[in-house]
Structure formats: C-alpha cells, structure tokens
Amino acid sequence: MANKKANKVLPQTAALKQILKRCSSFGKKNGYQHDDVPKGHFVVYVGENRSRYVVPISWLGHPEFQSLLQRAEEEFGFNHDMGLTIPCEEVVFRSLTAMIG
C-alpha cells in the first residue's frame with residue numbers, strides 16, 4: 001500500500017518541478033528580474049487583483065497547496081506568460097498560508 005502512495009507522489013513531484021521551472025522563467029523571459037524572491041521561494045498571483053505573494057517551495061508538499069495548484073491548472077493552465085495565478089480569494093489564500101506556515 002505504501003508503494004502505491006509513493007508511486008502517486010512521484011508523478012506529482014515531477015509535475016510540480018516542471019511548474020516551478022516555468023514559474024522561475026516567467027520573469028526572465030519577459031525581461032523582468034525579481035530580486036526580492038529569495039532562493040527556495042516562488043511567486044504566485046492571487047485574487048481578483050492578482051496580488052503577488054512569495055511562497056516557499058516547501059509548500060508544494062502540502063495537500064492543500066497542491067489542491068490550489070490543480071485548480072490553477074484546470075482554470076488557467078500553465079502554458080502562459082502571466083505567472084502562476086491561483087484561483088481563489090485573497091482572504092482564503094491568506095488563511096491557508098497561515099495554516100501551512
């Protein structure tokens with residue numbers, strides 16, 4: 001049973017690494033450099049106003065954050081130059097980040 005769970009996690013991990021690779025290239029591709037993003041973190045945009053949040057990569061392992069990423073992929077996809085946009089209200093996102101962090 002543990003092997004089945006491990007097998008499910010590996011494809012998700014590979015997919016998350018691809019997402020991060022795309023996210024880290026967004027700014028470079030468009031001529032933007034974000035010096036305020038520390039190593040081990042990435043940027044997401046949340047809410048109607050697309051507020052910018054810098055979040056640690058370690059959050060990718062949390063099921064709640066993975067759920068948000070799945071929703072983002074379903075709603076926006078990952079093949080665009082807008083950055084990683086999370087489809088939820090800011091207040092919900094902040095509540096989630098308080099719980100994770």
Side-chain angles (χ1 to χ4, degrees):
M1 201 160 186
N3 282 342
K4 282 188 177 183
K5 188 173 183 178
N7 288 340
K8 283 185 177 180
V9 172
L10 288 176
Q12 286 179 334
T13 302
L16 293 174
K17 285 182 182 179
Q18 288 177 346
I19 292 166
L20 281 178
K21 187 174 181 181
R22 287 186 207 133
C23 291
S24 65
S25 67
F26 285 142
K28 294 175 189 169
K29 189 166 45 174
N30 294 316
Y32 299 107
Q33 294 295 327
H34 293 293
D35 296 331
D36 62 334
V37 180
K39 188 173 185 171
H41 292 72
F42 64 103
V43 175
V44 296
Y45 297 92
V46 180
E48 192 174 306
N49 295 324
R50 302 292 191 250
S51 297
R52 184 174 181 266
Y53 290 87
V54 178
V55 299
I57 290 174
S58 63
W59 286 7
L60 293 172
H62 291 273
E64 296 86 0
F65 198 80
Q66 289 178 4
S67 175
L68 285 178
L69 290 176
Q70 287 175 335
R71 285 181 50 203
E73 182 179 29
E74 290 169 6
E75 189 162 329
F76 303 115
F78 292 130
N79 292 323
H80 53 78
D81 294 335
M82 296 177 1
L84 182 57
T85 304
I86 304 290
C88 80
E89 296 178 21
E90 278 188 77
V91 67
V92 174
F93 185 78
R94 284 193 300 262
S95 181
L96 175 70
T97 59
M99 184 179 70
I100 292 174

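Just so we're clear, the structure is a prediction, and the values are computed from it rather than from any experiment.
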Hey, are the side chains of Phe65 and Val55 touching, using non-hydrogen atoms and a 4.5 Å cut-off? yes
Group every Ile, Leu, Val, Met, Phe, Trp and Tyr by side-chain heavy-atom contacts under 4.5 Å, then state whether Met99 and Val92 land in the same group. no
Could you list the residues that satisfy salt bridge (charged side-chain N to carboxylate O under 4.0 Å, His left out) with Glu64, not counting sequence neighbours? none
Mind checking salt bridge (charged side-chain N to carboxylate O under 4.0 Å, His left out) for Arg71 and listing every partner two or more places apart, or none if nothing turns up? none
Could I get the full list of side-chain hydrogen bond (donor to acceptor under 3.5 Å, both in side chains) partners for Ser58, not counting sequence neighbours? none
Backbone N or O of Lys39 within a donor-acceptor pair of the His41 side chain at under 3.5 Å? yes
Distance from Thr97 atom OG1 to His62 atom NE2, nearest 0.5 Å? 11.5 Å
Is there a continuous path of hydrophobic side-chain contacts, each under 4.5 Å between heavy atoms, that joins Val46 to Val91? no
With the side chain counted from C-beta on, respond yes when Leu68 and Leu96 share a heavy-atom pair under 4.5 Å apart, and no when they do not. yes
Just how far is it from atom OG1 of Thr85 to atom OH of Tyr45, taken to the nearest 0.5 Å? 8.0 Å
Any side-chain heavy-atom pair from Gln66 and Leu60 closer than 4.5 angstrom? no
Going by heavy atoms in the side chains, are Phe42 and Ile57 under 4.5 Å from each other? yes
Are Leu69 and Ile86 side-chain neighbours, meaning at least one heavy-atom pair lies under 4.5 Å? yes
Within residues 91-101 or reaching into it, pairs that qualify as salt bridge (charged side-chain N to carboxylate O under 4.0 Å, His left out) - sequence neighbours excluded: Glu90-Arg94
